[in-house]
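Just so we're on the same page: letters track the sequence lines, and every chain starts at 1.
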Amino acid sequence: MSDILSTIQKLAEAQKNAYITKAADEGKRILGYMCSFVPEEIIHAACMVPFRMTAVGSTETRLGDTYYSAINCSLVRHIFDKALKNEFSFLDGIVFMNGCDHSRRMYDNWRDALKTQGLGPEFLYMFVAPHTTMETSLNRFIDELNGFSSALEKNFGVNITKNALKNSISIYNRRRKLFRELNEMRKQPEPPISGAEMLAVQLAMTSIPVENAVDLLEQLTEHVHDRKMDCKDKLRIVVTGGAMEEIDHVKMIEDSGAIVVAENLCTGGRHSDVSSDEDGDPVISIAERYLYKVSCPRMVDEFENRSSLLEKTLKEYSADALITEKLMFCDIWGGEVFLLKQEAKRMGFPLLSLEREIYGGGAGQMKTRVQAFFETVRNIQ
Amino acid sequence: MISAGIDVGTRFVKACIVKDEALLGCAIEDVSRDIDRVIGRVYQKALDKAGISKRHVKRLVSTGYGAKLVKGKSFSMSCTHCVAKAAFVLDPEVRTVLDCGGLFITITSIDERGVFERTLSNDKCAAGSGKFLEMSAQAIEIPFSSISQYAERSKEPYLVSSNCAVFAESEVITQVNYGRENTDIIAGVLKSIAGRAATLFERIQAQDKVALAGGLATVTAFSSMFEQMTDRKTVSLPIPPQNLGAFGAGLMAQQGKPSRGGV
């Protein structure tokens, strides 16, 4: 593995990294979040560093389970377990979101733990994003963005100016453009980067300051430009689903005779390749980008758009099959996978639906299912 | 008064013969399909050990998952109450009892008078139970009695993270196929069960002293992992931990009015 890819892999597998430590040492505040709908630009414009909280490094949910039950999302339980072990003590605040009921309830649990156990940080903010894309929702979302900005200004004594927001939009768009360029290269018959490597890239880039992310992505793009993965007799797969951090899981899929050419994951491609409009009012641009352009199953009445986007992706990336990845007890993705199965029949593309717990093991079973699916796909071909 | 307690658990049937607060005799046998005969046999064995004839037993309380299967002049009580009662009688300083049985982990808190306060149980799943440990030990060909010795030799316990016993068993088999040491697998299974027990322990905000009951309490590696995770010491009680439920049932039976004939 090259130096740059190995650096990125290490970043993806580390709970806290040197970039975050350096930013904190320079006096920057670090704000944790968990959902693609939390507007990183606003946090950045407040001179803070948005940090995507993950379950990386977690090995158990012993303490998390004191607040959650075993029928809650394993990702949320792992993250809260880490929180209760003070592994997020470097954060200056957390932004929760109504992405799903499991994660939104972490706001209540964290507040309780703050009250009863002194679990920091003290700045806990509930960001509420609408579930529909009507005009009233946009106005509601703009109000929410303004409310969030005011809360940051009031609590941390900062001033979020329009210029700062425009600069933040610009640098985040730069990061997104670099992601788009990488993804564009994956359309080639021999993509320059594997799906497992790409997941590591996406995980790493949300755990470091955006300036460093842009720098690393530029180096990576240059490095992989002439690289070609060995794709002989390999199926081209698109992976779609909720949160995924397990690089080994994607590696297992690829080792079974495939290459993952595109993904639409919470922790992956979903929010990385859609830019905000750089002209006009920055708050409206951010609101329109997040509400209209980033669709995940939490948004109601949007399935048709998501389905046509998926169909386009399958065609553009010359994909042979789709794998859906759902975490156990995820109702949102449970409904989406049901609808996708119908779409798969309608459009005639092979679909494998996998369900797992985050870092939940069971690699043997998964591998058997993936191998059997690939055999079926090859027989169809 | 002489009383009897029968605990029909998910893995074993236990019987104790009690006089006042003293244990006269006890017996234990595996649950099998012909449960009536097993219950009758275990009861008779306990009577024989106590040197008591059936007609001298004036009250009988049944407890456990299959309490209703005990026929005759008995009445049934919840196992958590019985185990808590037994632990308190054996050591009046006990405030928390963790009962780790075949399918359930139950934690009970009691006050300084021995009055039952609160109880919590594991989720509807066998992954944190004795049966799961038994299944895993069988899959890697370790006798149940040697689990602790194997677990103590583990250098790097494998993390069994699945929430479901069925998935977890497959996970164990996968690890066997990957060539992982059986010492690491069994230590991982124990760690996962101890973790679940520790979660309940944290959730109930357990007070000292803490007593362990149930078949898992006989596995020393489990007790030490649990103590390590919770940073507490558990007390050892003078009777086998598996018999606490039946002994408690016998003690509960002491509190009622004696029956005229035997039971």
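- Note: A/T59 OG1 to B/K191 NZ = 6.0 Å, rounded to the nearest 0.5 Å.
- Residue-environment remark: OH (B/Y65) stays at or below the threshold of 12 foreign heavy atoms within 6.0 Å.
- For the pair B/L159 and A/E60, the minimum side-chain heavy-atom distance is 4.5 Å or more.
- To the nearest 0.5 Å, atom CD of residue B/E202 and atom CG of residue A/L84 are 9.5 Å apart.
- Across all their heavy atoms, A/R62 and B/A198 have their closest contact at CD-CB, 3.5 Å.
- Atom NZ of B/K68 is surrounded by 12 or fewer heavy atoms from other residues, nucleotides or ligands within 6.0 Å.
- Residue A/E13 places its CD atom among more than 12 non-hydrogen atoms of other residues, nucleotides or ligands, all under 6.0 Å distant.
- Considering every non-hydrogen atom in both B/Y178 and A/G364, the closest pair reads OH-N, 4.3 Å.
- In this structure the side chain of A/Q365 never reaches within 4.5 angstrom of the side chain of B/E171, judged on heavy atoms.
- In A/Q117, the CD atom is crowded: over 12 heavy atoms of neighbouring residues, nucleotides or ligands sit closer than 6.0 Å.
- One finds the OG1 atom of A/T66 at 9.0 Å from the CD atom of B/Q205 (value rounded to the nearest 0.5 Å).
- Within a 6.0 Å sphere centred on NZ of A/K251, other residues, nucleotides and ligands contribute 12 heavy atoms or fewer.
- Residue-environment remark: CD (A/E375) stays at or below the threshold of 12 foreign heavy atoms within 6.0 Å.
- For the pair B/T199 (side chain) and A/D65 (backbone), a donor-acceptor distance under 3.5 Å is absent.
- With a 4.5 Å cut-off on non-hydrogen atoms, B/F201 does not touch chain A at all.
- Crowding of B/D231 atom CG: a count of heavy atoms from other residues, nucleotides or ligands under 6.0 Å not exceeding 12.
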